[in-house]
There are 2 protein chains.
Amino acid sequence: MTDGNGVTPLDGHLGYWLRFVSNQVSHAFATKLAARGVTVAEWVVLRELFERDAVAPSALAERLGMTRGAISKLADRLATKELITQGPDPARLPHDRRYQTLALTLDGRALVPELSALADRNDAEFFGHLDPGERVVIEEAMKGIVRRLGLRSVPVE
Amino acid sequence: MTDGNGVTPLDGHLGYWLRFVSNQVSHAFATKLAARGVTVAEWVVLRELFERDAVAPSALAERLGMTRGAISKLADRLATKELITQGPDPARLPHDRRYQTLALTLDGRALVPELSALADRNDAEFFGHLDPGERVVIEEAMKGIVRRLGLRSVPVE
DNA sequence: TATTGTTATACTCTATAACTATA
DNA sequence: TATAGTTATAGAGTATAACAATA
């Protein structure tokens, strides 16, 4: 599949179309989140803490496929916004002070369902018109690729 | 579709799966390109110049959905690598010196087919196993979304 | 004044690696 | 010495806005 120059057109790759749509979806979502003062990376952390309540930075880094340094910076920003707390791990006390725990504040916990509604709306705007059959094919194909290649880590960008 | 907390699971959105796969595809491609000393954004510019030969920075910004400032920075990097040239627009001469033109050097032109082969290989690694029917459903769904929402600009990230 | 392009500034995200404090 | 976490640095990408040169 070339254009006569021996070079595949950019849009000749399925990856091109996925990236095109995916970038637009993410950008639209980022814009919605920005109105609430949150980035997509921050949202993912908040969402994760909503599910698990108290998590060590290193565990979060592992689950989200990020470095500890990246989590540390994100956590600082979220703490400044008073959406999470950072503190020693009570389960490790008394006093292995190396271990820390991140947890949602009340404000943070209250915010997650609102942001989740934005995520729902965003998804519907882009994919709501697809018929269920198409939807299933696409979702299963993506899950299949993830399984087949053994991919992990939550996508953030 | 909630998890009982009134909050949709992250992976309950089709956008999640698209982003997951798309990010992995892009990252794998970026790694391949990095071995040739080029980023994905630079690749997109090179690919565009390969097709059109001499392009004004502002035209490139328009086509790629980037700001002129962003193009300017990219162009500087590519010129430093001696993959493109920056100069006055000969079609505008004599002498409306505001207009500039970007064009591939011989090295740049020679590089594009090699990078294109990397793109082919990358796409095959992720999507080569899909049966043609699945492939068509996915590609057409993505194109449909682009059309329906009037999206434009080449995705770079 | 309007337009093309560059530059300055700033912020997000990412990664590597040095550093601290604990153990 | 090993581990958990933080901090420093750097680079890519993005955007806005000020700026220079030209028309």
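Only heavy atoms go into these numbers, but all of them, side chains included; no hydrogens, no water, no symmetry mates. All chains are named by letter (A, B, ...) in the order of the sequence lines, taking the proteins before the strands, and each is independently numbered beginning at 1.
- Rounded to whole Å, atom P of D:dG11 lies 13 Å from atom CD of B:Glu42.
- Atom-to-atom, CH2 of A:Trp43 to P of C:dC13 comes out at 15 Å; the value is rounded to the nearest Å.
- Rounded to whole angstrom, the span from the NZ atom of A:Lys73 across to the P atom of D:dT7 amounts to 12 Å.
- Following rounding to the nearest Å, A:His27 (NE2) and D:dT14 (P) show an atom-to-atom distance of 10 Å.
- Note: A:Tyr16 and A:Phe20 have perpendicular aromatic rings, judged against thresholds of 30 and 60 degrees for the angle between ring planes.
- With D:dA12, C:dC13, D:dT14 as the choices, the nucleotide that has an atom nearest any side-chain atom of B:Arg77 turns out to be D:dA12.
- Taking atom CG of residue B:Asn23 and atom C1' of nucleotide C:dT12, one finds them 15 Å apart after rounding to whole Å.
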Between A:Arg135 and A:Asp123, does a salt bridge (charged side-chain N to carboxylate O under 4.0 Å, His left out) hold up when you go through it step by step?
-> CA-CA 12 Å; A:Arg135 223 193 141 87; A:Asp123 218 59; 3.6 Å; yes
Candidate pair A:Glu125 and A:Lys32, rule salt bridge (charged side-chain N to carboxylate O under 4.0 Å, His left out), full reasoning | CA-CA 12 Å; A:Glu125 283 171 11; A:Lys32 290 181 176 71; 3.0 Å; yes
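- Here D:dG11 presents its P atom at 16 Å from CG of B:Leu74, a figure rounded to the nearest Å.
- Between B:Thr39 and D:dG13, a side-chain N or O to OP1/OP2 separation shorter than 4.0 Å is present.
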Step by step, would you call A:Leu115 with A:Phe29 a side-chain contact (heavy atoms from CB on, under 4.5 Å)?
-> CA-CA 10 Å; A:Leu115 302 184; A:Phe29 186 38; 5.8 Å; no
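- The salt bridge (Lys or Arg N to Asp or Glu O under 4.0 Å) test applied to B:Glu114 returns B:Arg36, not counting sequence neighbours.
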Pairs under 3.5 angstrom, nitrogen or oxygen only, protein versus nucleotides 4-6 of chain D, please.
{"from": "D:dA4", "atom 1": "O3'", "to": "A:Arg98", "atom 2": "O", "distance (Å)": "3.4"}
{"from": "D:dA4", "atom 1": "N7", "to": "A:Arg68", "atom 2": "NH1", "distance (Å)": "3.4"}
{"from": "D:dG5", "atom 1": "OP1", "to": "A:Gln100", "atom 2": "N", "distance (Å)": "3.0"}
{"from": "D:dG5", "atom 1": "OP1", "to": "A:Gln100", "atom 2": "O", "distance (Å)": "3.3"}
{"from": "D:dG5", "atom 1": "OP2", "to": "A:Ser58", "atom 2": "N", "distance (Å)": "3.1"}
{"from": "D:dG5", "atom 1": "OP2", "to": "A:Ser58", "atom 2": "OG", "distance (Å)": "2.6"}
{"from": "D:dG5", "atom 1": "N7", "to": "A:Arg68", "atom 2": "NH1", "distance (Å)": "2.6"}
{"from": "D:dT6", "atom 1": "OP2", "to": "A:Ser72", "atom 2": "OG", "distance (Å)": "2.8"}
{"from": "D:dT6", "atom 1": "O5'", "to": "A:Ser72", "atom 2": "OG", "distance (Å)": "3.3"}

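- Within the 3.5 Å criterion, the main-chain N or O of A:Asp76 finds a donor-acceptor partner in the side chain of A:Thr80.
- Protein atom CD of A:Glu62 is 15 Å distant from nucleotide atom C1' of D:dT3, rounded to whole Å.
- The interatomic distance linking B:Leu64 (CG) with D:dG13 (C1') rounds to 14 Å, in whole Å.
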